[in-house]
Protein chains: 2
Amino acid sequence: MSQKEITIYDIAEKLAISAATVSRALQNHPAVNAKTKKRIVDLANELGYQSNKFASNLRKQKTHTIGVIVPRLNSAFMSTVLSGIEKVANNAGYNLIISQSFETHDKEAQNAQTMFNNRVDALVISLAYDTKDYKHLNSFIKKKIPIIFFDRVADKIDATKVLIDNFKAGYQATEHLIQQGCKEILHITGNLSRNVYNDRFEGYKKALEDNGIKYDQKLLICNDLSEKAIEDCLKNDVLKRTKLPDGLFITSDPSAAYALTILKEAGVKVPQDMAIIGFNNDLISRVCEPAISTINYPGNQMGETIARILINHLNGESDINYMNTVILKTDLIVRNSSLKKK
Amino acid sequence: MSQKEITIYDIAEKLAISAATVSRALQNHPAVNAKTKKRIVDLANELGYQSNKFASNLRKQKTHTIGVIVPRLNSAFMSTVLSGIEKVANNAGYNLIISQSFETHDKEAQNAQTMFNNRVDALVISLAYDTKDYKHLNSFIKKKIPIIFFDRVADKIDATKVLIDNFKAGYQATEHLIQQGCKEILHITGNLSRNVYNDRFEGYKKALEDNGIKYDQKLLICNDLSEKAIEDCLKNDVLKRTKLPDGLFITSDPSAAYALTILKEAGVKVPQDMAIIGFNNDLISRVCEPAISTINYPGNQMGETIARILINHLNGESDINYMNTVILKTDLIVRNSSLKKK
DNA sequence: TTGTAGGCGTTATCAC
DNA sequence: GTGATAACGCCTACAA
């Protein structure tokens, strides 16, 4: 199938020198005569020589590859994070192997295994919905391959985490709705066994409590935040209630936008009947009518931060083990969907 | 840094057999005694043995890795395609190395080089805005490494392409606006040197022509479709014109949504004053008010198709060289943003 | 400044 | 069924 590869030996032979010198020249090793080097580099270009990473990696025990496992590739937030990671990593000469867990532990474990076999220099991971134990990461820990968790992190594991203050964000969002006069705030969110959703929920509860509102379990809906789930819980549950909530804190912008559409269809006025606040500050929140209030979540910056920490560590410029948790800043963004008072 | 690796030799030694047998057992080679195999597999698990892909790849000259180069990671469309590719590829035991060209030829070439050095088994690529020559892909062609272009394809190169009928889609979109009574249809789109935008533009022109409307160059705006560009061209140009166009065909949904927001802000009534149609059928087009008409572009299916073609080829089940172009089906989706007549 | 030689971990070929 | 052995292409002590 493939043509004969051109190797450093071919170059060495044609130039009647040793492969070692060729290898050195191609790596810009200082101890090599400038002229010899030029001859080597020129010939390499002429022959279209391409270094074989496998041989090199095999030899050097380093791959310049970072593995990334995410629940799903196709969300605005995730692709922003990935874009940030890729940018920094690529500039530093690192490659990215990306795979999706599709929100299941098994696929996540399987992907981790593959990453491990591929000897990634580091692993970046945002956990699946149903991941509860972290055995599948043990091989990395044993071999001291750095792991960075982001967004959906593992509480019980002692590793570097990059995330936002979900409690605070949840608190802020809820508090804002309360300040706008909401008394019964519906909270639609994801699986509470994941830190992101749990912390936001705790923030929600605390904000209620601090404002003298009793938490009502009927106002909590957990699902996978898919369009189907949103449609289902609104049409078959919320909209059928005798008393409609007057506020909605829903933890993703696409879901918020979709919920808004359904509510409007059903004749609910936003924000008058129900004030809405989302999460993430995706473009989608800005183009709805009314525009949706949200929490700004800097995905791109998160990605860049992750990559930078990793690369500094891999280059030995800093030690990841001293950096336990990085919290990125979020902001409350108020738009018309939640402005009952003007 | 890393602990000692466990190799097939370690296993062989402990079991007092040869490494060759261990290797065979671990690959399910038929010619190995069931009992020996069990002993080997058990010990391998116990020791936490992990096959070293580099050594294996080096030896087998095959990497089970597919390189993917896209203009940008962070678009709804792109992440859907990637998600599709990843799903199929991963199930078939292939890994994905993904990188972004950030719409520049240079980065694209550099990424292609890296992919090549990593000896990817195949390359999947959607071209950058300013890529005009394809020298950077020559090494792949020479070595007969399959390349699949998708979405933004190269006309001049003889390779497999997966795309939609952009001409037809552009025609349909425009025709629809005309049928709704539009006479002056603004077309906001990307760089016309890219097939996707050029073909849609040609479709647009042809639809005008077929309906007796003269093409007016003032109604064509090309930019990078970023929020900034959209805002700029609308506020500083279109909205200042003495006569506003009565239709808008804009070739991406996020841009359409953003344009809609700006137009509404400026007091333009949609669809009465201006009918709008976008492209892609992203969620964003559905949650706007009015919901935006668009062309359904099956990104996920495109991704899966790409991966499937590639994998069939790599497995020798079919030959990619006989498959030149795959055109996926698109549909016109009519929503309120373009419905002048009811 | 350059060359020699050994090994990174796996797999394929050949014997037995 | 199993074992020796020779690559795969590169890198790096060490020697010259």
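Below, chains carry the letters A, B, ... as their sequence lines are ordered, and counting in each starts from 1. Every value quoted in this text rests on a predicted model; they were computed, and no experiment measured them. The basis for the numbers below is simple: all heavy atoms, side chains too, and nothing from hydrogens, waters or symmetry mates.
- For the pair B:Ser51 and C:dT10, the criterion of a side-chain N or O lying under 4.0 Å from OP1 or OP2 is not met.
- Here D:dC10 presents its C1' atom at 13 Å from CD of B:Gln61, a figure rounded to the nearest Å.
- A donor-acceptor contact closer than 3.5 angstrom links the side chains of B:Glu304 and B:Asn300.
- The side chain of A:Ser18 sits closest to C:dT4 out of D:dG3, C:dC8, C:dT4.
- For B:Arg24 and A:Ser23, each mapped to the nucleotide of DNA chain D holding its nearest heavy atom, the one lying further toward the 5' end belongs to B:Arg24.
- Nearest to the side-chain atoms of A:Asn33 among the listed nucleotides C:dG3, C:dT1, D:dT2 stands C:dT1.
- Side-chain N/O atoms of B:Arg59 and base N/O atoms of D:dG9 include no donor-acceptor pair closer than 3.5 Å.
- Here A:Thr36 reaches the OP1 or OP2 of C:dT2: one of its side-chain N or O atoms lies under 4.0 Å away.
- Whole-Å rounding puts the B:Asn52 CG to C:dG9 C1' distance at 6 Å.
- Ring pair A:Phe140/A:Phe116 is perpendicular by interplanar angle, where above 60° counts as perpendicular and below 30° as parallel.
- If you check the side chains of A:Asp121 and A:Thr63, you find a donor sitting under 3.5 Å from an acceptor.
- Between C:dT4, C:dT10, D:dT2, one nucleotide has an atom nearer to the side chain of A:Ala20 than all others, and that is C:dT4.
- For the pair A:Asp10 CG and D:dG9 P, the interatomic distance rounds to 9 Å; values are reported in whole Å.
- Taking atom CG of B:Leu58 as the reference point, atom C1' of C:dA12 lies 13 Å away to the nearest angstrom.
- Between the side chain of A:Arg119 and the base of C:dG9, no donor-acceptor pair under 3.5 Å is found.
- Whole-Å rounding puts the A:Tyr49 OH to D:dG9 P distance at 10 Å.
- The CD atom of A:Glu13 sits 14 Å away from the P atom of D:dC10 (whole-angstrom rounding).
- The B:Gln27 side chain lies nearest to C:dA12 when the options are C:dA12, D:dC10, C:dT4.
- In this structure, B:Phe54 reaches neither bases nor backbone, as no heavy-atom distance under 4.0 Å exists between it and the strands shown.
- In this structure, CZ of A:Arg39 is placed 13 Å from C1' of C:dT1, rounded to the nearest angstrom.
- Judged purely by atom type and a 3.5 angstrom limit, A:Gln27 uses its side chain to pair as donor or acceptor with the backbone of A:Ser23.
- Of all heavy-atom pairs between A:Ala307 and A:Ala89, the closest is CB-N, 4.1 Å.
- When the nucleotides C:dA12, D:dG9, C:dG3 are ranked by their closest atom to the side chain of B:Lys60, C:dA12 comes out on top.
- For the pair A:His64/A:Lys53, no side-chain contact is recorded, criterion being any heavy-atom separation below 4.5 Å from C-beta on.
- Nucleic acid contact class of B:Ser56 (heavy atoms, under 4.0 Å, all strands): sugar-phosphate only.
- B:His29 places its NE2 atom 11 Å from the P atom of D:dT2, with the value rounded to the nearest Å.
- Ranking D:dC10, D:dG3, C:dT2 by closeness to the A:Ala55 side chain, first place goes to D:dC10.
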